[in-house]
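Report on the following structure.
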Amino acid sequence: MSRTIELEGGQIVARSGGESYQEMLDKEVNPVPEALRESTNTFLGSDNLSTDRYLSREFHELEVEKMWNKTWQATCRETEIANPGDFFVYEIASYSIVVTRTQSGEIKGFHNACLHRGRQLRKDCGTAREFKCPYHGFRWSLDGDFLGAPCQWDFPHIKAEEFSLPQVQVDTWGGWVFINMDLEAESLQDYMGILPEHFNRWKPETTFKALHVEKVIECNWKIAWEAFIESYHTVQTHPQIMPYLGDSNSQYDCWGDNVSRSISPMGVVSPHLEDVDPNTTVNDWMQHGAWLTEGERIEVPEGMSAREWLAQHYFEHYSKEYDMDLASFCTHSEIMDSILYSLFPNLAPWAGFHPNLTYRMKPYGDRHDMCTMEIIFLLRYPEGSERPADCPVQKLDKDQLFSEAAGLEGGLGRVFDQDLSNLKMVQKGLKNLKSKEVVLANYQEVRIRHFHQTLDKYINA
């Protein structure tokens with residue numbers, strides 16, 4: 001396999017053995033959405049990154065002070081606070097925000113602290129008629145208005161109209177509830193850039209949460225984040241998936257400050273391998289997804305590519321599950337490829353008509369050397385049918401594997417475990433890196449560089 005990187009007009013032009021992703025799109029039978037035809041290939045330089053970004057407590061505190069309280073972040077699904085009084089507590093580093101649905105159906109968000117002595121008002125999620133502090137009984141309505149306190153005669157200095165719970169900005173997109181603690185920040189719509197337009201076709205708001213796993217990992221949150229926004233690690237970390245993943249032919253795109261994307265084609269052989277026939281590609285992929293029983297084997301018809309066979313298989317399966325004719329409009333890419341977007345700082349939603357994975361990484365509490373990673377599956381269901389209930393969160397501690405979670409026991413769980421095996425060792429290894437600098441590829445790791453350049457804009461503001 002050969003690949004060259006050239007600069008043309010300030011853009012990276014990546015050329016490798018095998019077909020590019022755009023060349024694969026040229027073979028599609030159904031019209032290709034414009035979102036998939038976009039290709040930015042922007043060159044963002046070759047500067048190294050300081051290891052202090054991952055190891056330093058001081059850098060973490062700068063993130064808390066200058067970034068986490070000024071960015072739009074997804075907290076929960078709208079359906080998780082579907083009814084008046086439902087609430088969800090979102091915690092990020094030292095901050096705690098409670099989002100709730102009011103009696104009028106509006107979604108509001110408040111800083112999660114009693115204005116009397118500071119006790120946190122709510123934890124986790126649930127339903128309440130009001131916000132009543134468990135310490136002394138100060139009360140606020142779901143709209144945040146002060147309702148009173150025991151012995152209120154002893155607080156003549158409190159003016160009820162000035163004693164409302166401080167709010168945060170709240171907005172929704174794709175079925176997600178977003179908050180921003182900065183009341184002067186730009187709107188969510190402006191912040192998201194091209195993302196809503198790209199996702200109009202895939203409508204994540206019409207899905208339900210079928211799987212949600214949250215795991216504690218012993219590394220800085222950015223180390224975990226970076227592991228899932230590049231496919232360069234596949235050849236060494238996930239060699240078993242190379243017969244059906246075009247890893248080094250992935251396309252990487254960046255838009256503005258907040259949005260990036262990688263598209264890794266499935267059902268094609270990695271350019272790192274040679275002489276892999278379609279039968280191997282199909283059977284390895286079907287075994288990975290637990291579609292085959294032990295001993296079962298598929299023979300791909302002569303003249304048919306593995307990608308074509310797998311797309312046909314998925315069209316048939318998901319058309320039945322969704323009660324729609326996917327083959328009439330959906331592309332092969334949308335039913336099988338890894339189309340992974342990210343919204344700064346920490347939400348990474350998959351696109352397409354297959355089950356949509358979504359990743360989210362956060363510091364573990366206020367720790368700079370530990371994090372939580374969430375894996376969420378969003379599934380479609382037949383239009384007009386009753387929406388399935390969202391699943392509860394499965395929480396794994398630092399010593400458990402992803403494959404121990406119900407729903408991740410198969411090949412996908414093992415892939416996540418392989419990623420996990422790197423993360424703690426990166427955290428340790430960075431402490432022994434004599435150069436004190438991390439080196440990045442110009443193209444395959446451009447999303448990492450894009451992420452850090454946006455982070456720097458907040459840190460240096």
Could you tell me whether [X] and [Y] make a salt bridge, using a distance below 4.0 angstrom between a side-chain N and a carboxylate O?
{"X": "K457", "Y": "D257", "answer": "yes"}
{"X": "E91", "Y": "K123", "answer": "no"}
{"X": "D337", "Y": "R307", "answer": "yes"}
{"X": "K70", "Y": "E184", "answer": "no"}
{"X": "R57", "Y": "D366", "answer": "yes"}
{"X": "D399", "Y": "K215", "answer": "no"}
{"X": "E226", "Y": "R447", "answer": "no"}
{"X": "R77", "Y": "D390", "answer": "no"}

Whether H354 and W350 hold their rings parallel, tilted or perpendicular, with breakpoints at 30° and 60°: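 Judged by the thresholds at 30° and 60°, the geometry between H354 and W350 is perpendicular.
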Ring geometry between W68 and W221 (parallel below 30°, tilted from 30 to 60°, perpendicular above 60°):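 It falls in the tilted class, 30° to 60°.
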Geometric cation-pi criterion R261 and W255, 6.0 Å radius, 45° cone: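 The answer is no; the distance or angle limit is not met.
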Residues E321 and S319: side-chain donor-acceptor under 3.5 angstrom: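 Looking only at side-chain atoms, S319 and E321 do not form any donor-acceptor pair under 3.5 Å.
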Under 3.5 Å side-chain donor-acceptor pair for T237 and N422: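 Yes, a side-chain donor-acceptor pair sits under 3.5 Å.
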[X]-[Y] aromatic ring centre distance below 6.0 Å:
{"X": "Y381", "Y": "Y322", "answer": "no"}
{"X": "Y244", "Y": "W285", "answer": "yes"}
{"X": "Y21", "Y": "H332", "answer": "no"}
{"X": "F353", "Y": "Y318", "answer": "no"}
{"X": "H198", "Y": "Y341", "answer": "yes"}
{"X": "F377", "Y": "F208", "answer": "no"}

S262 side chain vs E230 backbone, donor-acceptor pair below 3.5 Å: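 A pair under 3.5 Å: no.
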Exceeds 12 heavy-atom contacts within 6.0 angstrom, atom OH of Y364: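 Counting neighbours around OH of Y364, 12 or fewer heavy atoms of other residues, nucleotides or ligands fall under 6.0 Å, so no.
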